[in-house]
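One structure, pasted below without further comment.
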Amino acid sequence: MKRHRRKICVAPRPHLTGRTHLRNGQPTVISELQAWWDEHRPRAGFFRTARTLLAIGGEFIRDSMPDRARQRYGDVDYDWEHRVDTTSANVSWRARFIGLLNSSYQPIESSLFQEMLNALAIDYGHFTFIDIGSGKGRPLLMASEYPFRRIIGVEFLPELNAIAEDNIRKFPDARKRCKQIEARLADATAFEFPSEPLVIFVFHPLPESGFRKVIANLVASMRRNPRPVWLIYANPLFEDIVLQSGGFRKTAGTEQYTIFQAQRSGN
Ligand SMILES: C[S@@+](CC[C@H](N)C(=O)[O-])C[C@H]1O[C@@H](n2cnc3c(N)ncnc32)[C@H](O)[C@@H]1O
C-alpha cells in the first residue's frame, strides 16, 4: 500500500476502518463514537481500542489549537474569489471530531481539481459527475463549470452538506454550464451509483474499509450495467484497492492523483 505520495495533506489514519452506515439518519458525536467503538473493539480488544481513542482525542486537542486553525485558512483563496464557503477553517468542533473518527473535511485545491478534470479525454456532456464525500461542495461548484449531464455530491455530515447546498445557490448561474446539481445527504458506503456514464471523484473520503465498500459497490454496479466510468482519485493512498477490484485500469496520474478507467467500458 502506498503511503504519502503528495503535497495535499489529508492524513491517513490506518487505525480507522470506517463506519458502515448512518445510524438513525443524523450522525452525532455520541452515535459516531458508539459506532466507532462497536466496530473497533471486537477486532482490537478493549485496551488497544481505548488507547486509539485517546490518541484521537489528543489529535483533536492539537487540531483545536490556534496555530492549526490559522493553518486551515490556507485554503480560503477559492472562497474569496467566488464568494462561497468551502474552507476547512470554520468547521464546527463536532464536525471536526466526527471527521477524526471517519475522514476529516478538507477541500480539494482548485488548480489541482481543474488539472484532473482537464486530463479526461471525454465529452463531458455524456457523463454524470459524482463526488463521494463532497463536504462543502467545492468540487460540485467547479464541476458545474464543465457541461456535465448532472452533478451529484454525497456527504454524510448535515452541517457540511447544508453549506454545500447554500454554496450551490450562491454560485452564479452565469458560471454554471451544468445546472442540475444535487448535494445529497447520505452515507457513501450505501450509495447506489446511477446507471449512466459516470465521472467519479474521490479525495480521501473514507477510511480503508469504507473505501473498499464504495469501490465494491461501484464495480458491482458496473458489472450489472456496463458503461463508461472514469474514477479520479486525489491523494490515492488506497490505489491498490481500486486496482485489485478488477474493475479498473490506471490510465494517467501524478504524485497527487490517479485516473482510472473502467475495464471494458467501451469509451
Ligand atoms: C477530504 S474531504 C473531501 C471533500 C470534497 N470532496 C472536496 O474535495 O473538496 C472528505 C469528505 O468525506 C466525508 N465523508 C467521510 N465519510 C463519509 C461517508 N461515509 N459518506 C459520505 N461522506 C463521508 C467527510 O465528511 C468529508 O467531508
Side-chain angles (χ1 to χ4, degrees), residues 6 8-13 16-23 25-29 31-32 35-36 39 72 75-79 82 84-92 94-117 129-144 151-165 167-168 181-193 199-215 217-218 231-238 256-257:
R6 42 141 239 163
I8 44 178
C9 60
V10 170
R13 289 186 293 283
L16 296 177
T17 55
R19 66 214 310 292
T20 49
H21 58 276
L22 284 183
R23 277 149 220 260
Q26 309 284 311
T28 64
V29 169
S31 70
E32 288 304 298
W36 183 91
E39 185 167 354
R72 288 198 293 272
D75 62 17
V76 86
D77 283 5
Y78 180 85
D79 294 5
H82 298 89
V84 290
D85 167 13
T86 63
T87 177
S88 59
N90 57 4
V91 167
S92 76
R94 282 181 198 79
R96 278 195 298 113
F97 188 77
I98 294 175
L100 284 175
L101 294 173
N102 293 279
S103 165
S104 298
Y105 174 65
Q106 184 185 329
I108 191 70
E109 223 177 273
S110 50
S111 55
L112 177 64
F113 184 78
Q114 235 162 16
E115 179 184 326
M116 293 184 287
L117 268 197
F129 175 90
I130 297 178
D131 182 7
I132 293 295
S134 42
K136 292 183 173 185
R138 185 184 290 185
L140 308 181
L141 304 177
M142 294 194 69
S144 78
I151 293 171
I152 302 170
V154 185
E155 170 59 49
F156 86 123
L157 286 181
E159 168 187 325
L160 301 183
N161 201 59
I163 295 171
E165 287 179 326
N167 284 330
I168 293 166
I181 315 167
E182 182 192 351
R184 200 177 287 182
L185 183 63
D187 183 351
T189 61
F191 179 69
E192 244 178 70
F193 289 90
V199 170
I200 296 155
F201 174 61
V202 286
F203 173 27
H204 200 66
L206 299 147
E208 187 171 341
S209 76
F211 187 69
R212 219 176 260 290
K213 204 168 245 186
V214 169
I215 296 300
N217 290 345
L218 175 58
L231 178 66
I232 304 175
Y233 186 2
N235 189 18
L237 295 170
F238 304 138
Q256 295 177 298
Y257 66 87

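We count ligands from 1, going down the list as the structure has it; atoms in each ligand are counted the same way. Sequence positions, counted from 1, serve as the residue numbers for this chain. Keep in mind it's a predicted model, so treat the numbers as computed, not measured.
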Out of Phe156, Phe191, Phe201, the nearest non-hydrogen contact to atom 23 (C) of ligand 1 is supplied by Phe156
A side-chain contact here means heavy atoms from C-beta on lying under 4.5 Å apart; do Phe203 and Asp131 qualify?
no
Checking contacts here: is it the side chain or the backbone of Ala95 that comes within 4.0 Å of ligand 1, counting heavy atoms only? Could be both or neither.
neither
Partner of Lys136 under side-chain hydrogen bond (donor to acceptor under 3.5 Å, both in side chains), chosen from Thr86, Asn161, Asp85
Asp85
Of the listed options Gly99, Ala188, Gly153, closest to atom 20 (N) of ligand 1 (non-hydrogen atoms):
Ala188
Would you tell me which option among Ser110, Pro207, Gly133 has the nearest heavy-atom contact to atom 12 (O) of ligand 1?
Gly133
Any donor-acceptor pair under 3.5 Å from Asp79 side chain to Thr87 backbone:
yes
Note, Tyr78 side chain near Glu109 side chain (heavy atom, < 4.5 Å)
no
Region of Leu160 that comes within reach of ligand 1 [heavy atoms, distance under 4.0 Å]:
side chain
Classify the angle between the aromatic ring planes of Phe193 and Phe191 as parallel (below 30°), tilted (30 to 60°) or perpendicular (above 60°).
perpendicular
Just distances here: any N/O of Ile108 and N/O of ligand 1 closer than 3.5 Å?
yes
Of the backbone atoms (N, CA, C, O) and the side-chain heavy atoms from C-beta on, which set of Asp131 has a member under 4.0 Å from an atom of ligand 1: side chain, backbone, both, or neither?
side chain
Taking the side chain as C-beta and beyond, is there a heavy-atom pair between Arg184 and Ile130 under 4.5 Å?
no
Who gets closest to atom 7 (C) of ligand 1 by heavy atom: Pro27, Pro139, Gly135, Ser134?
Pro139
What are the atoms of ligand 1, with element, lying closer than 4.0 Å to any heavy atom of Ser104?
1 (C), 2 (S), 10 (C)
Leu141 vs Phe113 side-chain heavy atoms within contact, under 4.5 Å:
no
For ligand 1, is there an atom lying under 4.0 Å from some heavy atom of Gly210?
no
Is ligand 1 under 4.0 Å from a heavy atom in the side chain of Leu157, in the backbone, in both, or in neither?
side chain
Where ligand 1 meets Leu206 - atom numbers and elements under 4.0 angstrom, heavy-atom basis
16 (N), 17 (C), 18 (C), 19 (N)
Mark up the atoms of ligand 1 that fall under 4.0 Å of a heavy atom belonging to Gln106, in ascending order.
1 (C), 2 (S), 3 (C), 4 (C), 7 (C), 9 (O)
Looking at ligand 1, does any of its N/O atoms fall within less than 3.5 Å of an N/O of Arg138?
no
Can you tell me which portion of Phe113 lies within the under-4.0 Å heavy-atom range of ligand 1? Options are side chain, backbone, both, or neither.
neither
Look only at interatomic distance and state if Glu155 has a nitrogen or oxygen under 3.5 Å from any nitrogen or oxygen of ligand 1.
yes
Under 4.0 Å from one or more heavy atoms of Ala186, ligand 1 contributes atoms 20 (N), 21 (C)
Under-4.0 Å heavy-atom contact with ligand 1, by part of Ala234 that carries it
neither
Between Glu32 and Asn102, do the side chains contain an N or O donor and an N or O acceptor separated by less than 3.5 Å?
yes
For a 4.5 angstrom cut-off between non-hydrogen side-chain atoms, does Arg94 reach Leu157?
no
Mark up the atoms of ligand 1 that fall under 4.0 Å of a heavy atom belonging to Asp187, in ascending order.
18 (C), 19 (N), 20 (N)
Within the structure provided, determine whether Asn167 and His82 are in side-chain contact (heavy-atom separation under 4.5 Å).
no
Within the structure provided, determine whether Glu182 and Ile168 are in side-chain contact (heavy-atom separation under 4.5 Å).
no
Tyr233 and Phe211 aromatic centres sub-6.0 Å:
yes
